[in-house]
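Data block below; observations after.
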Amino acid sequence: MARSLHKHAVAAACVEGSRPIIIMARQNPQDPKAPQPSKPKYERDYKPPTFTIKEIRDSIPAHLFERNGWLATAYLCKDLAMAFSLFFLASYIDSPFLPSYLRYIAWPAYWFAQGVVLTGIWVVAHECGHQAYSNVKAVNNTVGFILHSLLLVPYHSWRFSHSAHHKATGHMTRDQVFVPRSRSEKGYPPADNDHNISVSHLVGESPLMSLACIVGMLLLGWPLYLFSNVSGQRYSGWASHFNAHSPFFLADQRLDVHLSTLGVLVVGGGLTYLAKMLSFATIFKFYVVPYLFVNLWLTLITFLQHTDPVLPHYREKEWNFQRGALCTVDRSFGPLNSMFHHITDSHVAHHFFSTMPYWNALKATPYLKAKLGEYYIRDDTPFPIALWRNWRACQFVEDTGDVLFY
């Protein structure tokens, strides 16, 4: 298959702010004057950072590491008040008080707004999983378990795998979230013969197929990750957050995994009962659609945090915790940043110090930026554009090498 049919990233031709823009060019091996594939400049010049964790921690004021359970609870109460207020207002959408034509506007508005608010509540439970909500472990796990169960998330199961993700971010064989596939795993031919790319790969890289895959990821990515570890490490057998014997769980964690599954089943049973008592349509409109929006936001945020052409991934020889923590991007979601409790635009700080409260992670970010210099990455590209760009550019990493880029 002629290489002219296949696109390659050939160079970082210009810089927007502090991040390179990848320019795509068509290659033709039959034309010696055609541009040949080469590594972008940022990849050619990349040298892994040598900071120690102490150096990084010392660059941040000590008071920013202090947790405050009362303040965290106040923020949670604000989120819950917004969620109940939206639910209350939505109860009038199908009433005679609202003209029927306005219902077609009011329901989507409710779905979007409630999805955003519930995502913020999910983030609070995420804070609990990191023991950042308060200084008391029992309080953290109780609040986190209740909130995540209500959102059909097996709290402890997720907490264990998410901890493994933080302990090995950017590690090719130990990270647990959006782990890059290698050239051979994706079925591509060797680099010196990649003009023989198959038709199936060409179809898979087409804009229409890319769009379909993005939609599928945003709708189903989160539940599929929980149920079958999609986008995580590849294991034999059923690797699932609902299987206490999954390879990413330890033997002494199994009881909590079972408890987490029970929490999801209880909430699922409650929703089923309400659907029989009220109607499936009622539960669908009030709960299921906002829940799908939560899935969308979680998948979108996580994908863009850890999948980008400028982010390296490491094999064991070159990986350490500091390097792994830098394998993430701070990204602006505009006015949604505050609704998502800044998990979007202070994620680098979060990966270095996951027990730091989210309101302090935002304050710590300028200190981190000053300390890390060029190794700190922030991207203010509008997230729909960044999603499309990164999905198209981040296909696979090479099978060889210790520092890898898409």
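These numbers were taken from a predicted model, which means no experiment stands behind them.
Checked for salt-bridge contact, K369 and D330 miss the test: no charged N lies under 4.0 Å from a carboxylate O.
Centroid-to-centroid, the aromatic rings of H126 and W158 come within less than 6.0 Å. Aromatic pair H306/F178: centroids not less than 6.0 angstrom apart. In summary, the aromatic rings of H241 and F160 are positioned with their centroids too far apart to meet the 6.0 Å limit. Checked against a 6.0 Å centroid threshold, the rings of F340 and W122 do not count as neighbours. Taking the six-membered ring wherever Trp is involved, the centroid distance between the rings of F87 and F286 falls below 6.0 Å.
Side chains of T73 and Y133: a donor on one and an acceptor on the other come within 3.5 Å. With hydrogens and angles left out, the side-chain atoms of D256 and Y155 include no donor and acceptor closer than 3.5 Å. The closest side-chain donor-acceptor pair between N140 and E127, if any, does not fall under 3.5 angstrom. Side-chain contact, H351 with T328: no donor N or O sits under 3.5 Å from an acceptor N or O. Defined by atom type and a distance below 3.5 Å, a donor-acceptor pair is present between the side-chain atoms of N337 and T344.
At least one side-chain heavy atom of T307 sits under 4.5 Å from a side-chain heavy atom of Y406.
A distance-only check finds a donor-acceptor pair linking the side chain of R331 to the backbone of L304 [under 3.5 Å]. Looking only at distances, no side-chain donor or acceptor of S354 sits under 3.5 Å from a matching main-chain atom of H350. Formation of a donor-acceptor pair under 3.5 Å by the Q322 side chain with backbone atoms of T50 is not found in this model.
The aromatic rings of H130 and H166 sit perpendicular, their planes meeting at an angle over 60°, well past the 30° parallel limit. Aromatic ring pairs are classed by plane angle as parallel below 30°, tilted from 30° to 60° and perpendicular above 60°; the pair F396 and Y188 is tilted.
How far CD of Q233 is from OG1 of T173: 6.0 Å, rounded to the nearest 0.5 Å.
With F145 as the aromatic partner, R159 does not meet the cation-pi criteria of under 6.0 angstrom to the ring centre and within 45 degrees of the ring axis.
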